[in-house]
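Reviewing the structure listed below.
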Amino acid sequence: MNTNAAAGEQESETKEIRKTILIDASPEVVFKAIIDPNEFTNWFPDQVILEPKVGGKVKFSFYKADTEYRQIDYFPEGTVIEFIPNQKISYTYREPNIASFPNTIVTWELEKIEDNKTRLKLSHTGFKVGEIFKKHDEGWSHFLVELTKYCQSG
C-alpha cells in the first residue's frame, strides 16, 4: 500500500472555505460589524452572543425563514480562540443539533489597504466533503455581500 496515496486521499476529504473581499470601509467599521452583536444582526444572524476575548462564548441563532439560506432553525456555537482588535478574530464553530456537523474554525482577517478600504479574508476550515460544506460555502458568499452592503451604507 502506498502511504502517500492514503495520506492524499485523507487530505482530499477535508474542505476549506476561503473568501477574500474588498470593502469600502475602515477596518474598525468592518471589525465592529463582525463582533458587535448589535451590528452583527443587521446582516447575519437573527441573534448573536459574541464575547470579544480569547475564551469568549460565540453563539448564533438563525430562525427558519422563506429563503434558500434559512430553511431550518440553526444554532452554531463555539469559543473565541484568537482575538486581535480591528485585525483578526477566530472561533470554533459547530452546530450541536446536527450530528454530522464537523468541528470547524471560522477566521476573519482584516487588512487596511487604503484610508477607508479593508481587505477581508474569511476562512472556514474543518469541513468534510458533502452537503454541509456546500451550503456553508454558498451561505458565506451570500452573507459577505450583505456585510459589504452593511459596512458601505454608512
Side-chain angles (χ1 to χ4, degrees), residues 13-113 116-154:
E13 292 176 4
T14 301
K15 298 289 265 178
E16 297 180 355
I17 297 168
R18 296 201 181 278
K19 305 203 180 276
T20 301
I21 60 171
L22 296 178
I23 301 175
D24 288 328
S26 70
E28 294 80 11
V29 167
V30 177
F31 199 73
K32 188 173 181 187
I34 62 175
I35 67 155
D36 182 325
N38 294 321
E39 295 208 24
F40 221 149
T41 55
N42 286 305
W43 64 272
F44 189 49
D46 296 308
Q47 294 177 327
V48 64
I49 296 168
L50 194 152
E51 298 170 341
K53 62 182 180 182
V54 172
K57 181 178 178 179
V58 177
K59 183 169 184 177
F60 302 118
S61 298
F62 295 90
Y63 297 104
K64 185 176 179 176
D66 239 354
T67 71
E68 70 180 279
Y69 299 104
R70 295 186 186 181
Q71 296 172 345
I72 61 169
D73 288 346
Y74 178 65
F75 306 103
E77 57 187 47
T79 303
V80 176
I81 55 177
E82 189 170 2
F83 185 83
I84 304 168
N86 301 317
Q87 294 178 29
K88 185 176 186 180
I89 184 168
S90 192
Y91 44 83
T92 59
Y93 186 99
R94 174 132 170 54
E95 170 41 283
N97 300 312
I98 300 174
S100 62
F101 202 100
N103 292 316
T104 65
I105 296 175
V106 173
T107 301
W108 305 82
E109 295 180 84
L110 291 76
E111 176 187 357
K112 181 178 181 176
I113 57 172
N116 205 33
K117 199 170 270 202
T118 301
R119 177 180 292 120
L120 172 69
K121 293 180 183 178
L122 170 82
S123 66
H124 194 163
T125 61
F127 287 100
K128 302 293 183 200
V129 175
E131 191 64 23
I132 291 174
F133 169 79
K134 182 181 175 205
K135 290 278 187 199
H136 281 78
D137 189 43
E138 292 169 356
W140 281 123
S141 293
H142 169 79
F143 286 115
L144 288 175
V145 169
E146 296 301 309
L147 171 63
T148 300
K149 286 193 272 189
Y150 178 73
C151 289
Q152 293 178 177
S153 69

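Any value given below was found using the heavy atoms of this structure, including those in side chains, with hydrogens, waters and symmetry copies removed. Note that the structure is predicted; figures quoted are calculated from it, not measured.
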Notebook entry, point to check: Shortest non-hydrogen contact from A33 to L147?
Noted result: CB-CD1, 3.8 Å

Item checked: ring-ring contact (aromatic ring centres under 6.0 Å, His included) partners of F83, counting only residues at least two apart -> F31

Notebook entry, point to check: Taking only residues two or more places apart in sequence, or in another chain, which ones meet K88 in a side-chain contact (heavy atoms from CB on, under 4.5 Å)?
Noted result: E82, I84, T107, E109

Item checked: Nearest-0.5 Å distance, CZ of residue F143 to OH of residue Y150 -> 15.0 Å

Margin query: Let me confirm one number: the CH2-NZ distance from W140 to K19, rounded to the nearest 0.5 Å.
Written below: 10.5 Å

Next item on the list: Output the distance between atom CD1 (I21) and atom SG (C151), rounded to the nearest 0.5 Å.
Entry: 8.0 Å

Checklist line | R94 side chain to F101 backbone, donor-acceptor under 3.5 Å | finding: yes

Notebook entry, point to check: Backbone N or O of A25 within a donor-acceptor pair of the T118 side chain at under 3.5 Å?
Noted result: yes

Check: Going from CD on E28 to CG on N116, what distance comes out if it is rounded to the nearest 0.5 angstrom?
Finding: 9.5 Å

Margin query: Applying salt bridge (charged side-chain N to carboxylate O under 4.0 Å, His left out), can you list everything that pairs with K149, at least two apart in sequence or on another chain?
Written below: E146

Item checked: is_close_aromatic(F60, F40), centroid dist under 6.0 Å -> yes

Next item on the list: Provide the closest heavy-atom pair for P102 versus F127 in the form atom of the first, atom of the second, distance.
Entry: CG-CA, 4.0 Å

Note to self: Side chains of E16 and S123, heavy atoms from C-beta outward: is any pair under 4.5 Å?
What the structure shows: no

Next item on the list: State the OH-NZ distance between Y91 and K59, to the nearest 0.5 angstrom.
Entry: 15.0 Å

Notebook entry, point to check: Could you state the interatomic distance from CD1 (I113) to CG (L22), rounded to the nearest 0.5 Å?
Noted result: 4.5 Å

Next item on the list: For residues I23 and V29, determine if any side-chain heavy atom of one lies less than 4.5 Å from a side-chain heavy atom of the other.
Entry: no

